[in-house]
Amino acid sequence: MTPDDLYKKSIDMILENQHPSGGYVASPTFPTYNYCWFRDGAYIAHAMDLAGELESADQFHDWAANNILRRQEQLDQVCCLVDEGREIPEELHLHTRYTLDGNEGNMEWENFQLDGLGTWLWSLGEHLKCREIPLPADRVKLSDAMADKVSRWKKAAALVISYLKRIWALPCYDLWEENRNGIHIYTLSSIYGGLKSGGQFLEVSTGEVCEKIKDRILKRGVVEGHLSKFEGSSLVDGSLIGVSIPYGVFELDEPLMRATAVKIEEDLLRAGGVHRYRGDTYYGGGIWILLRGWLALYQLEMGDRNAAEEALLWMCGQADSEGHLPEQVSDDLLDSEMLQGWIDKWGDSASPLLWSHAVYIWLYNKLKFN
Ligand code: BGC
């Protein structure tokens, strides 16, 4: 399959796997991922914006907003508990994923993850720019149907902003759904990006809390000149590119960001792909398609077009004959003994993974059209 064919295939695949509710299934063939995550969905919606499929992105934002609004009472309760200085029972927090029709799944899961909500706010902000709804949305003439949608998105975004403003510093699972007690630099960054973008959309002030988040990252999230995976860790994580693209906590060429990208290349770029972090054992700790694309977005912005083109070809080469991109490939396993256990538990690693296709669309788009 050529890179052009895979681009078209990726768009079709995402459209085919969008539920009438607007939710995108993370992977249609991997039962454990038959859910819509805020995180995966928000990145997928962004890819659809870039591909010009704005209605698909509209629908996803509706899915997200409806699910948040349905749980308004729960969110209000968390905010009250924080304001009263009381403990928050874990079950009051929003989940990281819901079924496509918006229910809590009945499977045990690491539900408390805050990054997906930050990613959703950021993705919504980008979507509004694509929709050419200049900010603030109130002052433009919208069709009734669009005005209705924007008003739902605004209400949901306002709830999420007041929730995140209060609890951004709580330890929670990271984007890999691990390490419950950590404070993760990627998570803090996605909240920063989401609050910045959501603050503009709603014209509410989020600048002060964003400064606090940035300050905290600088004080506790730096080790030996690069960003760390979580506070107290000396490792890097492939997702740390997100600190800069898309969340903009630091400029791309800031020494701290450069050093982080170099460290990711040194420690995690292997056999063409990128590991999540050293010591990963999930499906034996393979190399991830979407992480290669993410690093390539950074390389491209920094002027290394060759590296980005090579990455696109590598990603494309990982597609099977039907054009399905997996989550990870096992060409360079960090812990090969752990692979079979996962296969026995959940089956072969997820493929197609819609988030892998989303990052492919993103990189392709930047390479071809920018
Ligand atoms: C990853 C998550 C992702 C989920 C669905 C998990 O294995 O760790 O980041 O959201 O799969 O794709």
Side-chain angles (χ1 to χ4, degrees), residues 10 13-14 17-19 23-47 60 63-64 67 94-100 105 107-120 122-123 172-180 182 184-187 189-190 229-230 237-242 246 268 273-277 279-294 318 324-330 333-335 338-339 341-343 345-362:
S10 296
M13 168 116 49
I14 291 174
N17 286 294
Q18 183 164 29
H19 188 263
Y24 299 112
V25 64
S27 173
T29 50
F30 188 74
T32 318
Y33 290 3
N34 279 182
Y35 290 81
C36 182
W37 270 256
F38 283 110
R39 170 177 48 249
D40 298 42
Y43 283 123
I44 296 165
H46 183 56
F60 168 73
W63 177 89
N67 281 313
L94 280 186
H95 287 191
T96 188
R97 64 175 205 182
Y98 291 99
T99 60
L100 293 160
M107 194 182 168
E108 280 275 302
W109 204 252
E110 292 74 17
N111 278 313
F112 181 38
Q113 303 170 29
L114 292 174
D115 64 284
L117 294 170
T119 305
W120 174 62
W122 161 80
S123 173
C172 66
Y173 289 106
D174 65 11
L175 85 161
W176 309 131
E177 324 204 288
E178 296 174 337
N179 199 11
R180 166 68 181 83
H184 308 279
I185 308 311
Y186 170 84
T187 301
S189 302
S190 57
K229 178 172 164 59
F230 55 88
D237 190 291
S239 66
L240 285 169
I241 295 297
L268 304 175
V274 174
H275 289 292
R276 300 196 296 182
Y277 57 91
D280 188 9
T281 59
Y282 184 52
Y283 277 87
I287 40 181
W288 282 53
I289 314 297
L290 70 96
L291 287 177
R292 182 62 191 99
W294 218 338
Q318 308 314 306
H324 292 177
L325 285 176
E327 173 185 77
Q328 54 176 301
V329 288
S330 47
L333 293 178
L334 292 170
D335 190 345
M338 292 297 285
L339 177 61
W342 283 104
I343 297 177
K345 186 173 175 189
W346 284 347
D348 283 336
S349 168
S351 182
L353 185 85
L354 266 57
W355 187 9
S356 297
H357 285 276
V359 180
Y360 181 82
I361 292 172
W362 193 347

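Each residue takes its place number in the sequence, starting with 1. Atoms within a ligand are numbered from 1 in the order they appear, just like the ligands themselves. Note: hydrogens, waters and symmetry copies are ignored here, and every other heavy atom, side chains too, is used.
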List ligand 1 atoms under 4.0 Å from [X], heavy atoms only on the residue side.
| X | value |
| --- | --- |
| L353 | 12 (O) |
| Y282 | 7 (O) |
| L175 | 2 (C), 8 (O), 9 (O) |
| W355 | 9 (O) |
| R39 | 2 (C), 3 (C), 9 (O), 10 (O) |
| E327 | 7 (O), 11 (O) |
| R276 | 8 (O) |
| W176 | 8 (O), 9 (O) |

Residue pair R39, D115: steps toward the salt bridge (charged side-chain N to carboxylate O under 4.0 Å, His left out) verdict:
CA-CA 7 Å; R39 170 177 48 249; D115 64 284; 2.9 Å; yes

Of the protein's non-hydrogen atoms, which lies at the shortest distance from atom 7 (O) of ligand 1, and what is that distance?
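The answer is Y33 OH, 2.5 Å.
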
Provide the closest heavy-atom pair for [X] versus [Y] in the form atom of the first, atom of the second, distance.
| X | Y | answer |
| --- | --- | --- |
| A47 | I361 | O-CG2, 3.6 Å |
| P352 | H357 | CB-NE2, 3.8 Å |
| Y186 | S239 | CD1-O, 3.3 Å |

Please determine if D40 has a nitrogen or oxygen closer than 3.5 Å to a nitrogen or oxygen of ligand 1.
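For ligand 1, there is an N or O atom that lies under 3.5 Å from one belonging to D40.
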
Whether E327 and R276 form a salt bridge (side-chain N of Lys/Arg under 4.0 Å from carboxylate O of Asp/Glu) is what I want to check.
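No.
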
Residues K229, D174: salt bridge by 4.0 Å N-O rule
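A salt bridge is present here (some side-chain N lies under 4.0 Å from a carboxylate O).
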
If only atom types and distance count, is the side chain of H184 paired as donor or acceptor with the main-chain N or O of Y173 below 3.5 Å?
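Side chain of H184 to backbone of Y173, a donor-acceptor pair under 3.5 Å: no, none is there.
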
Anything under 30° is parallel, anything over 60° is perpendicular, the rest tilted; go ahead and classify H95 against Y98.
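Judged by the thresholds at 30° and 60°, the geometry between H95 and Y98 is parallel.
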
Can you tell me if E178 contacts ligand 1 (heavy atom of the residue under 4.0 Å from the ligand)?
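Per 4.0 Å heavy-atom rule, E178 does not contact ligand 1.
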
